[in-house]
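Just the heavy atoms: all of them, side chains too, but no hydrogens, waters or symmetry mates, feed the values below. Chain naming here is simple, since letters A, B, ... match the order of the sequence lines and numbering starts at 1 in each.
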Protein chains: 2
Amino acid sequence: MTNQMKIISDKIVLNKNSHYIWAKSKSRMFSKACEYGIRATLYIAQKSLNGQRASLKAITHEIDSPEAFTAKILQQLAKAQVVRSVKGPHGGFEIAREDIDSMRLSEIVNAIDGDNIYKGCGLGLKACNAQKPCPVHHKFTAIRNDLKTMLQETRLLELATSLETGLTFLKR
Amino acid sequence: MTNQMKIISDKIVLNKNSHYIWAKSKSRMFSKACEYGIRATLYIAQKSLNGQRASLKAITHEIDSPEAFTAKILQQLAKAQVVRSVKGPHGGFEIAREDIDSMRLSEIVNAIDGDNIYKGCGLGLKACNAQKPCPVHHKFTAIRNDLKTMLQETRLLELATSLETGLTFLKR
DNA sequence: TCAATAAAAGATATAAAGGTCTTAATATCT
DNA sequence: AGATATTAAGACCTTTATATCTTTTATTGA
């Protein structure tokens, strides 16, 4: 490490010409869009259970997310019929009671990130399958299936209720 | 869908001004850099077991990856002492036999992507923990731990051997 | 010691994700 | 009908990940 380099954070390093050298990619289960989408949906569900709509402003305040970006994500969720949007005064976002009961976490994730996280190959190989497996294929199949099952079994109602009772949190 | 829009693929859509509208982010367990890194390391291990070095050219041919990008990743792996590099004629990359025995998949992943995938919160919350859990915290803890355990227990030797015996594959 | 070979380092380019801003559309209330 | 509130749509900007190209350094063998 010479004095010509500049450490920006523990992850980001610039050289003498301010060029980005290397930082470990913050790999995550879901994209940030998806994370915001899940958090927003949970808040909307909670409000809906109380017979109230959630406005964009209230949502972004409550889940601590960038407003304009969150608006885009909510548009997608509305198109995918995960949430319903209502324009005009007293408008906002809502989810029908019966949908809160039946909707699974997988539907939210699918609307934003698709299903690659539990369908694709762990090493990114296109034609990886049980007949022509990649070296980590069988190792990943189990974990992937667990994730898939969990997302498909977890109900929106359950998550919204744990928020309502103060057992879980959407911020920080 | 108006006639002013252009469908590029099932995921990518451009509007009349050729602006990108929305495509589900290809979320994956590991970054592409990490995927190439794992595949490259496995190939190098296989060659090393046969007493041979693997050149960059041979690696990129064998794992079907972009050459210059793979070179960068191999530099990182060399710095992290996952592989050893040798310059000059007959040079290339190699892994010591004892390291093939002891090295775990987690060491390769850590060198490229870090450990966020099995440490971070599923909803991206900074201060999510068992005391102040996010709504999906407990659901994810199990899956995350399984992933962590699998990466820490899987030995390079095991994976390289399954390649050697033609049970698994690195291409396609 | 010189030519050839192979990786390291550095600079730059391109694509995708993340995020903002402005204008349009729609609903409500007076 | 007009003023206001609220989301939708579109254009644009910024940062990060992915990828390439050029120059430098180390090693080998004639």
field: Salt-bridge criterion met for A/E35 and A/R28 (N-O under 4.0 Å)
entry: yes
What closest approach, in Å, do [X] and [Y] show between heavy atoms, and which atom pair accounts for it?
X      : Y      : value
A/F30  : B/G122 : CD1-O, 3.6 Å
B/I100 : B/A45  : CD1-O, 3.7 Å
B/R144 : B/I117 : NH1-O, 2.9 Å

query: Going 5' to 3' along nucleotides 20-30 of chain D, which nucleotides have protein heavy atoms under 4.0 Å from the base (write B), which only from the sugar-phosphate (write S), and which from neither (write -)?
result: BB---BSBB--
Rounded to whole Å, please give me the gap between [atom1] in [X] and [atom2] in [N].
X     : N      : atom1 : atom2 : result
A/E94 : D/dT6  : CD    : P     : 14 Å
B/R39 : D/dT18 : CZ    : P     : 13 Å
B/E35 : D/dA19 : CD    : C1'   : 15 Å
A/L74 : C/dG18 : CG    : P     : 16 Å
A/I44 : D/dT6  : CD1   : C1'   : 14 Å
A/R84 : D/dA8  : CZ    : C1'   : 15 Å
B/I73 : C/dA8  : CD1   : C1'   : 15 Å
B/D64 : D/dT18 : CG    : P     : 17 Å

message: With each end axis built from five pairs of C1' atoms, what bend angle do you get for the helix from C/dT1-D/dA30 to C/dT30-D/dA1? Round to 10°.
response: 0°
query: Are the side chains of B/K139 and B/I143 in touch, meaning some heavy atoms are under 4.5 Å apart?
result: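 When only atoms from C-beta onward are counted, B/I143 and B/K139 do not touch, as no gap falls below 4.5 Å.
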query: Would you call B/L123 and B/C128 a side-chain contact if the rule is heavy atoms closer than 4.5 Å?
result: no
message: Can you confirm whether the side chains of A/T60 and A/T70 place a donor and an acceptor under 3.5 Å from each other?
response: no
- request: Would you give the length of the straight line joining atom NZ of B/K119 to atom NZ of B/K148, rounded to the nearest 0.5 angstrom?
  value: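 B/K119 atom NZ to B/K148 atom NZ measures 5.5 Å (nearest 0.5 Å).
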side-chain N/O [X] vs [N] OP1/OP2, d < 4.0 Å:
X     : N      : result
B/K57 : C/dT5  : no
B/S85 : C/dA8  : yes
B/Y36 : D/dT18 : no
B/K32 : C/dA15 : no

query: Can you list the residues that meet the side-chain hydrogen bond (donor to acceptor under 3.5 Å, both in side chains) rule with B/Y118, with sequence neighbours excluded?
result: B/N110
- prompt: So does B/Q75 reach the base of C/dA7 with its side chain, donor to acceptor, closer than 3.5 Å?
  reply: no
